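Computed from a predicted structure; not experimentally measured. Here is how names work: the chains are called A, B, and so on, in the same order as the sequence lines, proteins then strands, and each is numbered from 1.
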Number of protein chains: 2
Amino acid sequence: MKKTDILKKLRSSGLRPTKQRVEIAKFLFEREKTFHFTVESLNRLLTKKSVSKIALATIYNTVHAFKTAGHLSEVEVRGNKTYFDTNVSNHHHFYDSETSELIDIDASDIVIQKIPKAPNGKKIKNVEVFINLKN
Amino acid sequence: MKKTDILKKLRSSGLRPTKQRVEIAKFLFEREKTFHFTVESLNRLLTKKSVSKIALATIYNTVHAFKTAGHLSEVEVRGNKTYFDTNVSNHHHFYDSETSELIDIDASDIVIQKIPKAPNGKKIKNVEVFINLKN
DNA sequence: TTTTCACTTTAGAATTATTATAAACTAGAA
DNA sequence: TTCTAGTTTATAATAATTCTAAAGTGAAAA
Ligand SMILES: [Mn+2]
Ligand SMILES: [Mn+2]
Ligand SMILES: [Zn+2]
Ligand SMILES: [Zn+2]
């Protein structure tokens, strides 16, 4: 991902490209593979990596703005912390509770043969498959 | 579910059948259909239904003892609250985010045709399917 | 340029869910 | 009955997240 894309992500999230936000955005989006994180883990990694410390409130605000803009998604994981995902396409997850690690599964790698119809006047919005791992 | 079963559930959870615990257990298990709840919703319903108010700490403790004993399971739902489930068999869920309501799907009603193999030295512990509903 | 001001960052306070604590209470064995 | 381990409860503590309000910043207006 190029620098211009970072700026585009910020602008499309309604955010001015400040020093802190660019640093967060680069950390999140300038990578090959999907990145799964909690605000706490992101904060820890950012503090380790960068010179200037970014306030936790700024990280929360920026992450939420990206989520609202559709540049980050949220993954449901057991526990009290919220997990975010740089992969915003429809996909599934392996979860290793030993390491608290999420691993992406491409939507095409899971095929569901039989599924019940939605109740009453409802429709199916999306289907999430979560595969818990053990040793 | 009969009274003796309630006492059995309590005993097998390592809990003496006190007034409060019997009241909670009856409320949870003396019903036909599966019951999905948060500690907050359970507390609200118990307060409405019963004469004596049960301390929140007692509800937390009792629910956790039931969960540890395998009489309740936990369901991952978006948000910060923990959802519990009186259905402890392997099954799946519809989720209506409008009403925050979970609806059970029997394991046999979902058939997965293709699934990726577990990474490295890991095995699949279980597969949870979560179907989000919309109007 | 200097000024201006809307937008930002930040530390810390507030809120919410949950867990821990410790004192008063109770079931049930002795 | 008495005794005591186990229990209930109010309240404190903790943890994740959100709110607040004061100080900071930077681009555009004057
Ligand atoms: Mn969660
Ligand atoms: Mn949750
Ligand atoms: Zn993912
Ligand atoms: Zn269920």
**Student:** Checking D96(B) now: which residues fulfil salt bridge (Lys or Arg N to Asp or Glu O under 4.0 Å) with it, not counting sequence neighbours?
**Tutor:** K122(A)

**Student:** Do the side chains of R44(B) and E40(B) get close enough for a salt bridge, i.e. N-O under 4.0 angstrom?
**Tutor:**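 Looking at E40(B) together with R44(B), the answer is yes, because their closest N to O distance falls below 4.0 Å.
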
**Student:** Rounded to whole Å, please give me the gap between CG in N43(B) and P in dT9(D).
**Tutor:** 11 Å

**Student:** Sequence neighbours left out, cut at 3.5 Å: what donor-acceptor pairs do the side chains of residues 100-113 of chain B make with other protein atoms?
**Tutor:**
| residue | atom | partner | partner atom | Å |
| --- | --- | --- | --- | --- |
| D104(B) | OD1 | H36(B) | NE2 | 2.9 |
| D104(B) | OD1 | H91(B) | NE2 | 3.0 |
| D104(B) | OD1 | H93(B) | NE2 | 3.1 |
| D104(B) | OD2 | T34(B) | OG1 | 2.8 |
| D104(B) | OD2 | N87(B) | ND2 | 2.8 |
| D106(B) | OD2 | S108(B) | N | 3.2 |
| D106(B) | OD2 | S108(B) | OG | 2.8 |

**Student:** Could you go over nucleotides 24-28 of chain C and give all protein N or O partners under 3.5 Å, atom names and distances?
**Tutor:**
none

**Student:** Please report whether the ring centroid of F94(A) lies less than 6.0 Å from that of F130(A).
**Tutor:** no

**Student:** Got a sec, which hydrophobics cluster with V88(A), joining ILVMFWY side chains under 4.5 Å apart, including via others?
**Tutor:** none

**Student:** Is the distance from OP1 or OP2 of dT25(D) to the nearest side-chain N or O of Q20(A) less than 4.0 Å?
**Tutor:** no

**Student:** Rounded to whole angstroms, how far apart are NZ on K53(A) and C1' on dG24(D)?
**Tutor:**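 K53(A) atom NZ is separated from dG24(D) atom C1' by 17 Å.
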
**Student:** Under the ring pair (Phe, Tyr, Trp, His ring centres under 6.0 Å) definition, can you give me all pairs with a residue in residues 104-129 of chain B, not counting sequence neighbours?
**Tutor:**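 Every pair satisfying ring pair (Phe, Tyr, Trp, His ring centres under 6.0 Å) with a residue in residues 104-129 of chain B: there are none.
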
**Student:** Between P on dA17(C) and CZ on F37(B), what's the gap in Å once rounded to a whole number?
**Tutor:**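 One finds 16 Å between P of dA17(C) and CZ of F37(B), rounded.
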
**Student:** Can you measure from OG (S97(A)) to CG (L133(A)) and round to the nearest 0.5 angstrom?
**Tutor:**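 Here the interatomic distance stands at 8.0 Å.
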
**Student:** Pairs under 3.5 angstrom, nitrogen or oxygen only, protein versus nucleotides 16-19 of chain D, please.
**Tutor:**
| residue | atom | partner | partner atom | Å |
| --- | --- | --- | --- | --- |
| dT17(D) | OP1 | T82(A) | N | 2.9 |
| dT17(D) | OP1 | T82(A) | OG1 | 2.8 |
| dT17(D) | OP2 | Y60(A) | OH | 2.7 |
| dT17(D) | O5' | Y60(A) | OH | 3.2 |
| dT18(D) | OP2 | H64(A) | ND1 | 3.4 |

**Student:** Please check if the distance between the ring centroids of F66(A) and F84(A) is under 6.0 Å.
**Tutor:**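 No - the distance between ring centres of F66(A) and F84(A) does not fall below the 6.0 Å cut-off.
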
**Student:** Could you give the NZ-to-C1' distance, from K67(B) to dT18(C), as a whole number of Å?
**Tutor:**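 For the pair K67(B) NZ and dT18(C) C1', the rounded distance is 13 Å.
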
**Student:** How close or far is atom C1' of dT8(C) from atom CG of L10(A), stated in whole angstroms?
**Tutor:** 13 Å

